[in-house]
A.B. asks: 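After the structure tokens below, expect a handful of questions from me.
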Amino acid sequence: MIYRFLWGEDQIIQLKFPRQVVIYLESVNVPNEYKVKMDFGKQGVIDYRIPVIRFQEESIDEIKEKSMVILLPFKLIKLRRKIEAVRSKENISELRELYEDDIISTIESSYASGGITARDMDVLMGLTKMLFDHLYKDYEELKGVDKMFDHSLELEIDKYLDAIDEKDMQLEEKDMQLEEKDAEIAKLKAELAELRK
């Protein structure tokens with residue numbers, strides 16, 4: 001929410017709300033919009049309309065135009081029910097086209113045009129692979145399709161987790177060295193105490 005003060009004859013605070021939208025990644029029977037009644041008491045009731053986007057029905061151009069490239073991995077959901085019903089060569093070919101032409105090409109062209117960063121591209125590629133594995137890993141017929149993901153990108157979060165693991169290992173090593181030093185100091189203190197007697 002953005003607000004600003006307008007001073008003049010009347011003192012006015014203007015509130016500006018960002019555009020609202022409901023996005024369904026997979027839709028069955030959903031309305032074209034939701035209606036929200038905003039009741040301001042004595043000042044009245046305002047009908048507020050929130051449009052609905054059915055993501056799977058959006059074309060690639062519409063997805064780019066509406067800045068929804070970040071949702072592209074979810075295009076893989078589009079064929080899930082179809083492939084569950086019939087695992088034909090045509091369906092597998094359609095999945096390959098969806099992956100190569102719609103998802104990967106759009107992610108790469110969005111990066112090339114400056115719409116997303118290299119990091120965004122890596123994350124989207126990785127998420128696409130993860131979602132593919134989640135949706136289709138149990139289908140024997142789709143084993144060949146998995147070769148589409150030979151570039152197996154590492155997610156940014158994986159890099160951070162690897163760095164944390166490395167630091168943890170270094171800390172454990174330092175702790176062991178400190179324990180050895182503490183044991184050595186304790187031994188020397190005991191010898192010193194023995195010599196003082």
Side-chain angles (χ1 to χ4, degrees), residues 2 17-34 49-169:
I2 301 168
F17 294 89
R19 179 176 175 259
Q20 305 296 308
V21 68
V22 175
I23 301 173
Y24 282 94
L25 297 176
E26 187 175 30
S27 54
V28 185
N29 292 321
V30 294
N32 291 330
E33 66 180 11
Y34 286 104
R49 297 174 187 277
I50 303 173
V52 167
I53 292 177
R54 294 171 183 84
F55 184 69
Q56 298 304 336
E57 295 173 16
E58 297 286 310
S59 71
I60 293 302
D61 288 336
E62 290 170 325
I63 288 170
K64 289 198 292 196
E65 184 181 303
K66 294 176 182 176
S67 300
M68 295 191 300
V69 173
I70 195 165
L71 298 176
L72 271 172
F74 292 105
K75 273 289 188 184
L76 287 170
I77 294 171
K78 183 177 185 176
L79 298 176
R80 179 178 59 172
R81 294 191 197 287
K82 193 173 181 180
I83 289 175
E84 280 175 0
V86 180
R87 300 177 205 160
S88 66
K89 287 181 181 177
E90 293 81 14
N91 288 349
I92 292 169
S93 180
E94 190 177 347
L95 177 62
R96 184 180 300 275
E97 285 176 30
L98 174 74
Y99 166 77
E100 291 173 352
D101 298 339
D102 289 352
I103 299 171
I104 299 304
S105 292
T106 304
I107 291 170
E108 289 173 344
S109 68
S110 294
Y111 168 67
S113 68
I116 60 173
T117 65
R119 181 177 172 199
D120 294 335
M121 183 174 74
D122 285 350
V123 169
L124 287 173
M125 296 282 200
L127 290 174
T128 300
K129 179 179 175 10
M130 286 172 58
L131 187 57
F132 179 87
D133 289 345
H134 177 73
L135 292 174
Y136 303 113
K137 70 179 176 197
D138 295 330
Y139 296 106
E140 198 63 38
E141 300 86 348
L142 296 175
K143 293 295 183 208
V145 178
D146 202 32
K147 291 194 176 19
M148 298 185 296
F149 298 100
D150 281 346
H151 52 275
S152 64
L153 294 168
E154 182 181 34
L155 291 174
E156 281 297 313
I157 190 71
D158 294 333
K159 294 174 188 174
Y160 294 120
L161 291 174
D162 289 346
I164 289 170
D165 288 344
E166 190 176 320
K167 291 288 182 192
D168 285 346
M169 286 173 55

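Predicted, not measured: the structure shown is a model, and the values here were computed from it. Keep in mind that the numbers below use all heavy atoms, side chains included, and drop hydrogens, waters and symmetry copies.
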A.B. asks: Any side-chain heavy-atom pair from Leu95 and Ile92 closer than 4.5 angstrom?
C.D. replies: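 Leu95 vs Ile92: side chains apart.
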A.B. asks: Within the 4.5 Å heavy-atom criterion, are Tyr99 and Phe132 side-chain neighbours or not?
C.D. replies: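 They are not in side-chain contact.
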A.B. asks: So do Ile107 and Ile103 actually touch side chain to side chain, heavy atoms under 4.5 Å?
C.D. replies: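 Counting from C-beta outward, Ile103 and Ile107 do come under 4.5 Å.
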A.B. asks: Which distance, rounded to the nearest 0.5 Å, do you find between the CZ of Arg80 and the CG of Leu131?
C.D. replies: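 These two atoms lie 9.0 Å from each other.
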A.B. asks: Testing Lys75, Lys78, Arg81 for salt bridge (Lys or Arg N to Asp or Glu O under 4.0 Å) with Glu26, which one passes?
C.D. replies: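 Passing option: Arg81.
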A.B. asks: Tell me if a side-chain donor or acceptor on Glu100 pairs with a main-chain N or O of Leu98 at a distance below 3.5 Å.
C.D. replies: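 No; zero donor-acceptor contacts below 3.5 Å.
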A.B. asks: First locate atom CD1 of Ile53, then atom CG of Leu25, and finally report the distance between them rounded to the nearest 0.5 Å.
C.D. replies: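 These two atoms lie 11.0 Å from each other.
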A.B. asks: Would a 4.5 Å heavy-atom cut-off, applied to side chains only, mark Glu62 and Met68 as touching?
C.D. replies: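 A side-chain contact under 4.5 Å is absent here.
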A.B. asks: Contact between Asn91 and Val86 at the side-chain level, heavy atoms closer than 4.5 Å - yes or no?
C.D. replies: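 Side chain of Asn91 against side chain of Val86, heavy atoms only: contact under 4.5 Å found.
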A.B. asks: Would you indicate whether Ile70, at its atom CD1, is surrounded by more than 12 heavy atoms from other residues, nucleotides or ligands within a distance under 6.0 Å?
C.D. replies: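 Not more than 12 within 6.0 Å, no.
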A.B. asks: Going by heavy atoms in the side chains, are Pro51 and Arg19 under 4.5 Å from each other?
C.D. replies: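 Side chain of Pro51 against side chain of Arg19, heavy atoms only: contact under 4.5 Å found.
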A.B. asks: Do Ile104 and Met125 pass the side chain to side chain contact (heavy atoms under 4.5 Å, CB included) test, and can you show the C-alpha distance, the side-chain angles, and the key distance before you say yes or no?
C.D. replies: CA-CA 7 Å; Ile104 299 304; Met125 296 282 200; 3.3 Å; yes
A.B. asks: For a 4.5 angstrom cut-off between non-hydrogen side-chain atoms, does Lys64 reach Ser113?
C.D. replies: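 They are not in side-chain contact.
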A.B. asks: Of all heavy-atom pairs between Thr117 and Tyr111, which one has the smallest distance, and what is that distance?
C.D. replies: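 Of all heavy-atom pairs spanning Thr117 and Tyr111, the closest is C-CD1, 3.7 Å.
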A.B. asks: Working to the nearest 0.5 Å, report the span between OG of Ser88 and NZ of Lys82.
C.D. replies: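 If we round to the nearest 0.5 Å, Ser88:OG and Lys82:NZ are 7.5 Å apart.
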A.B. asks: Side chains of Leu76 and Thr128, heavy atoms from C-beta outward: is any pair under 4.5 Å?
C.D. replies: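 The answer is yes, as the side chains (C-beta and beyond) meet within the 4.5 Å cut-off.
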A.B. asks: Please determine which of Leu124, Asp120, Leu72, Ile116 meets the side-chain contact (heavy atoms from CB on, under 4.5 Å) test together with Ser110.
C.D. replies: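 In the set Leu124, Asp120, Leu72, Ile116, the residue that makes a side-chain contact (heavy atoms from CB on, under 4.5 Å) with Ser110 is Ile116.
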A.B. asks: Does Lys89 offer a backbone N or O that forms a donor-acceptor pair with the side chain of Ser93 under 3.5 Å?
C.D. replies: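 Flag not set: sc Ser93 to bb Lys89 has no pair under 3.5 Å.
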A.B. asks: Closest heavy-atom contact between Leu79 and Tyr136?
C.D. replies: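 Minimum heavy-atom separation between Leu79 and Tyr136: C-OH, 3.7 Å.
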